[in-house]
Every structure is written in structure tokens, then in C-alpha cells.
Amino acid sequence: MKILFSPSEGKDENCTQKPINENSFIFKELFAYRMQALDKYEKYIQDCNLEDLKELFGIKNESEINKFKHDLRKASTQSAITLYNGVSYEYLKFNSLNLESQNYILENTLIFSNLFGVVKASDTLPFYKFKQGKKLGNFNIEKFYKEYFSNALDEYLKNEEILDLRAGFYDKFYIPKKKFFTYKFIKNGKVVSHFAKAYRGILLALCANIKAKKNQEVLDNLPSNLKLKEIQIKGLKEEIILEILDSI
């Protein structure tokens with residue numbers, strides 16, 4: 001089973017590995033396309049004003065702007081799974097997992113970076129900032145990655161069960177062309193968003209701990225505060241609705 005996962009706005013600055021090259025990423029034959037997107041990003045940064053940069057990076061503090069303007073091709077890196085440290089990653093607690101569980105995630109998780117496109121959890125990325133959904137002038141980076149990476153992803157996933165734990169936004173990068181599973185979380189009859197991020201991290205950790213090969217194994221081992229409410233079939237998507245019985 002392969003698991004699709006979202007990135008996060010929050011990232012860890014402690015990068016110590018060598019700068020990116022074609023061997024840094026899955027689909028190294030598509031490395032040139034990643035660099036095209038990076039070129040667009042860097043040119044946009046060079047050309048736009050301070051207010052545009054604040055919008056692009058999603059920060060208000062002018063003094064922080066400069067640390068995101070460095071040359072990403074020469075910057076140190078770290079594995080994608082440790083670079084991101086937002087809510088989902090806080091609840092995943094990757095560094096607290098045993099080695100076998102960590103290796104499961106490194107091998108089976110695909111993260112959809114807003115800047116670099118789809119990467120394996122083990123791929124190495126530099127510290128960067130690119131707020132979800134922001135445009136680089138007239139360049140639509142989500143559409144770009146969907147056009148040039150979808151075929152490679154289809155081939156990579158063709159013999160795998162797919163668990164999609166991404167936020168809905170990342171459908172803009174890729175939608176599987178075979179049956180796949182997603183999760184929705186509700187509490188008191190309402191769909192939750194912040195808690196959804198946390199529970200996506202919890203479910204990824206669960207997959208790693210039980211070495212899940214099928215989604216049914218996840219359903220068979222749900223945490224005690226999650227209850228299966230309903231399963232909805234929407235074309236190729238099987239959406240599993242879980243009720244949160246109490247807060248985390």
C-alpha cells in the first residue's frame with residue numbers, strides 16, 4: 001500500500017544533508033521539470049515586491065523574508081518526512097517511531113510539496129516557504145505538476161492499494177485513476193479541519209506501526225476514540241467517514 005500525504009506550512013530549519021540533485025527525488029527522469037518550477041519560483045521572488053513576498057511566504061514579519069530568499073539549489077537538505085513539522089507531523093511523531101515503522105513510512109509515503117511536487121518521504125528537500133495555493137504570476141504550479149507527473153504516478157501506483165490522506169487541495173496535483181481510499185472526520189455531526197490534520201498524522205503512524213498492506217487493516221485497528229460512521233463510494237474514491245468520540 002502507498003499512502004499519499006500533504007506537506008505543511010511549518011518546516012524544520014535544521015538541514016544538514018547535501019543540496020538537491022536528480023538523485024534527491026523519486027522519478028529522477030522528471031528532475032528537469034522540478035527545476036523548471038523552481039526557476040519560476042526564484043524568478044518570481046526576484047521580481048516581486050515586499051508585499052507580494054509576504055503573501056507568497058505567508059508571513060508578516062519583514063525581517064524573516066530574507067531567510068527564504070536563499071538559493072535553494074545550493075541549500076542543505078533533510079528528508080521530507082522530517083522537514084515538515086506542522087500539525088499532521090506533530091501527531092505522526094516520526095522520530096518516536098521504531099526503526100521498522102520509520103522505514104515503512106520512508107518507503108511507502110508520498111508527500112505533495114507545493115514547490116517540488118510529489119516526493120517520497122525519504123527524498124531530501126531544502127528549507128523553503130511557499131504558501132499553499134499561491135500563484136507565481138501566471139504560472140499554475142499545481143497544474144504543471146499534474147500535467148507532467150501524473151503518468152509517472154499512475155505507473156508507480158498501478159499495482160498498489162492507495163490510501164489518500166491528503167487535504168482536498170492536493171487533488172490539484174494528482175488524482176488516482178484507480179480505486180483509492182480517503183478519510184473524513186466528523187465530530188458532533190460536523191466535518192472538522194484542524195483535528196483532521198492531527199488524525200491524518202495518527203493514521204499514518206498507525207499504518208506504520210501495523211505495517212499496513214491494505215486499508216482494511218487500518219479499519220480493523222482504529223484508535224478507540226474513532227468510530228466508523230459511514231463509507232461512501234464516489235466513483236473511484238471510497239470515502240470513509242469516522243466519528244471522533246472525544247478530543248485528542
Side-chain angles (χ1 to χ4, degrees), residues 2-45 53 56-59 64-95 97 102-134 136 139 141-142 144-146 148-149 152-153 156 165-167 169-170 172-174 197 200-201 204 208:
K2 299 300 183 190
I3 302 161
L4 313 185
F5 209 64
S6 301
S8 69
E9 299 287 347
K11 299 175 186 68
D12 175 45
E13 295 184 51
N14 187 31
C15 297
T16 59
Q17 298 186 48
K18 65 183 181 181
I20 57 173
N21 59 67
E22 66 178 13
N23 296 314
S24 302
F25 303 98
I26 190 174
F27 310 136
K28 68 178 184 179
E29 70 278 10
L30 299 175
F31 179 71
Y33 290 110
R34 298 189 200 270
M35 294 303 98
Q36 285 183 36
L38 185 55
D39 285 342
K40 296 285 188 181
Y41 172 85
E42 291 184 333
K43 186 175 189 308
Y44 183 81
I45 288 175
L53 287 176
L56 176 68
F57 297 145
I59 57 179
E64 290 188 28
I65 293 290
N66 285 333
K67 72 178 180 180
F68 297 113
K69 295 174 69 176
H70 60 291
D71 185 347
L72 293 179
R73 287 177 177 78
K74 297 179 180 179
S76 297
T77 64
Q78 63 174 302
S79 63
I81 198 65
T82 59
L83 174 71
Y84 299 110
N85 60 9
V87 174
S88 293
Y89 295 84
E90 289 178 9
Y91 282 86
L92 167 61
K93 300 178 181 177
F94 177 80
N95 289 326
L97 299 175
Q102 289 184 352
N103 286 336
Y104 175 95
I105 290 174
L106 293 171
E107 181 58 31
N108 296 298
T109 306
L110 297 173
I111 301 172
F112 285 72
S113 161
N114 291 309
L115 179 56
F116 293 99
V118 61
V119 301
K120 283 184 73 171
S122 58
D123 289 354
T124 55
L125 305 178
F127 178 68
Y128 73 94
K129 195 76 169 175
F130 186 5
K131 192 175 180 181
Q132 176 186 295
K134 294 306 174 185
L136 302 174
F139 178 66
I141 198 166
E142 306 98 56
F144 176 84
Y145 278 120
K146 192 169 191 176
Y148 290 107
F149 281 70
L153 276 163
Y156 183 76
L165 294 179
R166 301 175 300 170
F169 173 83
Y170 293 94
K172 296 181 179 182
F173 284 81
Y174 177 70
K197 293 179 181 180
R200 290 185 191 116
L204 179 54

Novice: Please report the shortest heavy-atom distance between P19 and S24, naming the atom on each side.
Specialist: O-OG, 4.1 Å

Novice: Determine whether F130 and L136 make a side-chain contact, defined as any pair of heavy atoms from C-beta on separated by less than 4.5 Å.
Specialist: yes

Novice: If the condition is side chain to side chain donor-acceptor pair (under 3.5 Å), which residues does E42 pass it with, not counting sequence neighbours?
Specialist: R73

Novice: Is the closest side-chain heavy-atom distance between F25 and L30 below 4.5 Å?
Specialist: no

Novice: With sequence neighbours left out, write down each residue that passes ring-ring contact (aromatic ring centres under 6.0 Å, His included) with F169, or none if nothing qualifies.
Specialist: none

Novice: Identify, with sequence neighbours excluded, every residue that meets ring-ring contact (aromatic ring centres under 6.0 Å, His included) alongside F173.
Specialist: Y170

Novice: Excluding sequence neighbours, so at least two apart, what forms side chain to side chain donor-acceptor pair (under 3.5 Å) with T77?
Specialist: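 If we apply the side chain to side chain donor-acceptor pair (under 3.5 Å) test to T77, skipping adjacent residues, there are no hits.
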
Novice: Tell me which pairs pass salt bridge (Lys or Arg N to Asp or Glu O under 4.0 Å) where either residue lies in residues 8-26, with sequence neighbours left out.
Specialist: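 Pairs touching residues 8-26 that pass the test: E13-K67.
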
Novice: Are the side chains of F27 and L153 in touch, meaning some heavy atoms are under 4.5 Å apart?
Specialist: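 When only atoms from C-beta onward are counted, L153 and F27 do touch, with a gap below 4.5 Å.
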
Novice: With sequence neighbours left out, write down each residue that passes side chain to side chain contact (heavy atoms under 4.5 Å, CB included) with T82, or none if nothing qualifies.
Specialist: Q78, S79, F94, N95

Novice: Quick one: pull up CG in L4 and CG in L204 and give me the separation to the nearest 0.5 Å.
Specialist: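 Nearest 0.5 Å value for the CG-CG distance: 11.0 Å.
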
Novice: If every non-hydrogen atom of L83 is compared with every non-hydrogen atom of C15, which pair is closest and at what distance?
Specialist: CD1-SG, 4.1 Å

Novice: At their closest point, which heavy atom of L97 faces which heavy atom of A208, and how far apart are they?
Specialist: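 That would be CD1-CB, 4.4 Å.
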
Novice: Would one find more than 12 heavy atoms of other residues, nucleotides or ligands at under 6.0 Å from atom NZ of K129?
Specialist: yes

Novice: Taking side chain to side chain donor-acceptor pair (under 3.5 Å) as the definition, give me every residue that meets it alongside K93, ordered by chain and number, with sequence neighbours left out.
Specialist: none

Novice: Assert yes or no for the condition that the ring centre distance of F149 to Y174 is strictly below 6.0 Å.
Specialist: no

Novice: Tell me every residue that passes side chain to side chain contact (heavy atoms under 4.5 Å, CB included) with S113, counting only those two or more places apart in sequence or in another chain.
Specialist: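 S113: side chain to side chain contact (heavy atoms under 4.5 Å, CB included) contacts with Y84, L115, F116, Y128.
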
Novice: Could you measure the distance from the CD1 atom of I81 to the CG atom of L125? Nearest 0.5 Å is fine.
Specialist: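 Rounded to the nearest 0.5 Å, the CD1-CG separation comes to 10.5 Å.
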
Novice: Are side-chain heavy atoms of Q36 and F144 found at a separation under 4.5 Å?
Specialist: yes

Novice: Within a strict 4.5 Å, meaning less than it, do heavy atoms of the L56 and I45 side chains meet?
Specialist: yes

Novice: Suppose we screen for side chain to side chain donor-acceptor pair (under 3.5 Å). Which residues come up paired with Y89, at least two apart in sequence or across chains?
Specialist: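 With sequence neighbours excluded, Y89 shows a side chain to side chain donor-acceptor pair (under 3.5 Å) to no residue whatsoever.
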
Novice: Measuring only between side-chain heavy atoms, which start at C-beta, is Y156 closer than 4.5 Å to L110?
Specialist: yes

Novice: Which distance, rounded to the nearest 0.5 Å, do you find between the CG of N21 and the CE of M35?
Specialist: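 CE of M35 is found 9.5 Å from CG of N21.
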
Novice: Specify the closest pair of heavy atoms between I105 and A121, including all atoms of both residues, with the distance to one decimal.
Specialist: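 Heavy atoms of I105 and A121 come nearest at O-CB, 3.5 Å.
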
Novice: Do V87 and S8 have side chains that get closer than 4.5 Å, going by heavy atoms?
Specialist: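 In short, these two side chains do not touch, never coming nearer than 4.5 Å.
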
Novice: Who are the salt bridge (Lys or Arg N to Asp or Glu O under 4.0 Å) partners of K120, not counting sequence neighbours?
Specialist: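 K120: salt bridge (Lys or Arg N to Asp or Glu O under 4.0 Å) contacts with E107.
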
Novice: Judged by atom type as modelled, is there a donor-acceptor pair below 3.5 Å linking the side chain of N114 to the main-chain atoms of P7?
Specialist: no

Novice: Hey, what do you get for CD1 (I3) to CG (N108), rounding to the nearest 0.5 Å?
Specialist: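 Here the rounded value is 6.5 Å.
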
Novice: May I ask you to check whether Y145 and F112 place their ring centres under 6.0 Å from each other?
Specialist: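 Distance test on ring centres: not under 6.0 Å, no.
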
Novice: Does S88 use its side chain to pair, donor to acceptor, with the backbone of R200 at less than 3.5 Å?
Specialist: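 It does not hold such a pair.
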
Novice: With salt bridge (Lys or Arg N to Asp or Glu O under 4.0 Å) as the rule and sequence neighbours excluded, what pairs involving residues 80-90 come up?
Specialist: none

